[in-house]
2 protein chains.
Amino acid sequence: MEDRVERIKKQLHSAGYKLTPQREATVRVLLEHEEDHLSAEDVYLLVKEKSPEIGLATVYRTLELLTELKIVDKINFGDGVSRYDLRKEGAAHFHHHLVCLECGSVAEIQEDLLEDVEAIVEREWKFKIKDHRLTFHGICHRCQQKHEEEK
Amino acid sequence: MEDRVERIKKQLHSAGYKLTPQREATVRVLLEHEEDHLSAEDVYLLVKEKSPEIGLATVYRTLELLTELKIVDKINFGDGVSRYDLRKEGAAHFHHHLVCLECGSVAEIQEDLLEDVEAIVEREWKFKIKDHRLTFHGICHRCQQKHEEEK
DNA sequence: CTCTATGCAAAGGTTTTGCAGAGAA
DNA sequence: TTCTCTGCAAAACCTTTGCATAGAG
């Protein structure tokens, strides 16, 4: 935890930014909720619990900054808000998501899975891939089991 | 063209909706711009050219309806607006997109490409896939060539 | 002292909603 | 009639921006 904060601090410094108390509080919230997919508002409310004086605009500006530095990835699941997802340590690619259409849960897939597909796209479409977004919409395992029980 | 309008009309009817003049005008705009990725505002302005009396709210309501019936897919490329993409005739899956980070162009990939990946996800994560969203961010062929010329 | 960063409030942009009226069955 | 649909305007959101102030080096 502390070493990850430290590493992010260095990333900010080498880009000419400071790790202010507000930014640190925001980063800590992101680290503590690594499995979640928080919206700016979510982050704001969580930061507020420990640093009540923070402003929503600061959270937005911090998230934008972290996105720019590729410390977090901004993603949109089509529900009207942007969500922010911390990049895993040393992850070359953005991970994938499984969104359950019934319970709304979002699971993550860390495995790459797209290596072959990307090779095809680069070769056939002559497109130089820099990043990707892959989301599956469907029914999660738990909701499937719920249906089984109902029968 | 006409037969596609006719087919959409039937889809609406079997779901208990009418193909009103406004809805038809909207559908025709979508058909005429099948390659584009229009925002609601874009659609509104295009519909307005031929049916000046239409309201923006009606366009939003029509697009929502068409999305619900899976006639169009709503997609978000992270630029703050939702875009609407007509499903291809008989397409089992939503197609993929190549977004150029330099010129902003959006190309489509109709090929499935994800069959293997989906089989793995369904098996390993026990997730029943209903739909997917796959977007690659990178540099399109034309922009790559532009760079070559500059050297 | 200088420059960055913050908080607040206002503004901006997109999408949704309420409502009265129009239109089809 | 009855129910759906539409246009307009207002409202609801999410996100960004302007500005005066605070804070770090």
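Numbered from 1 within each chain, the chains take letters A, B, ... in sequence-line order. Quick caveat: nothing in here was measured; it's all calculated off a predicted structure.
The pair Lys74(B)-Glu68(B) does not count as a salt bridge, with every side-chain nitrogen at least 4.0 angstrom from each carboxylate oxygen. Between Arg83(B) and Asp42(B) there is a salt bridge, since at least one side-chain N of the basic residue sits less than 4.0 Å from a carboxylate O of the acidic one. Taking a cutoff of 4.0 Å between a charged side-chain nitrogen and a carboxylate oxygen, Lys88(B) and Glu108(B) qualify as a salt bridge.
Distance Arg23(A) CZ to dG23(D) P: 16 Å, rounded to the nearest Å. Nucleotide dC5(D) holds its P atom 7 Å from the OH atom of Tyr17(B), rounded to whole Å. Between the CG atom of Leu63(A) and the P atom of dT6(C) there is a distance of 12 Å, given to the nearest Å. For the pair Glu24(A) CD and dA24(D) P, the interatomic distance rounds to 13 Å; values are reported in whole Å. Taking atom NZ on Lys18(A) and atom C1' on dG25(D), their separation rounds to 7 Å, with Å as the unit. Lys48(A) places its NZ atom 10 Å from the P atom of dG7(C), with the value rounded to the nearest Å. One atom, CG of Leu45(B), and another, C1' of dG13(C), lie 14 Å apart when rounded to the nearest Å. Atom pair Leu65(B):CG and dT6(D):C1' shows a separation of 14 Å (rounding to whole Å applied).
Put simply, Gln22(B) has a side-chain N or O that comes within less than 4.0 Å of OP1 or OP2 on dG7(D). Phosphate contact (OP1/OP2 of dA5(C), side-chain N/O of Thr20(A), threshold under 4.0 Å): absent. Residue Tyr60(B) places at least one side-chain N or O closer than 4.0 Å to OP1 or OP2 of dT15(C).
With distances taken from any side-chain atom of Ser82(A) to the nucleotides dT15(C), dG7(D), dT15(D), the minimum falls on dT15(D). For Leu56(A), the listed nucleotide lying nearest its side chain is dT15(D); candidates were dT14(C), dT15(D), dC8(C). Residue Ile54(A) places its side chain closer to dG7(C) than to any other of dG7(C), dT15(C), dT6(D).
Between the side chains of Asp85(B) and His97(B), at least one donor-acceptor pair of N or O atoms lies under 3.5 Å.
Residue contacts shown for Arg61(A) include a base, since a base heavy atom lies under 4.0 Å away. Residue contacts shown for Glu53(A) are limited to sugar-phosphate atoms, with no base heavy atom under 4.0 Å away. At the heavy-atom level, Glu64(A) lies nowhere under 4.0 Å from the strands shown. Contacts of Ser39(A) with the nucleic acid, taken as non-hydrogen atoms under 4.0 Å apart, are absent.
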One pair to check against salt bridge (Lys or Arg N to Asp or Glu O under 4.0 Å): Glu2(A) and Arg28(A). What are the steps and the verdict?
CA-CA 9 Å; Glu2(A) 290 313 313; Arg28(A) 285 183 186 278; 3.0 Å; yes
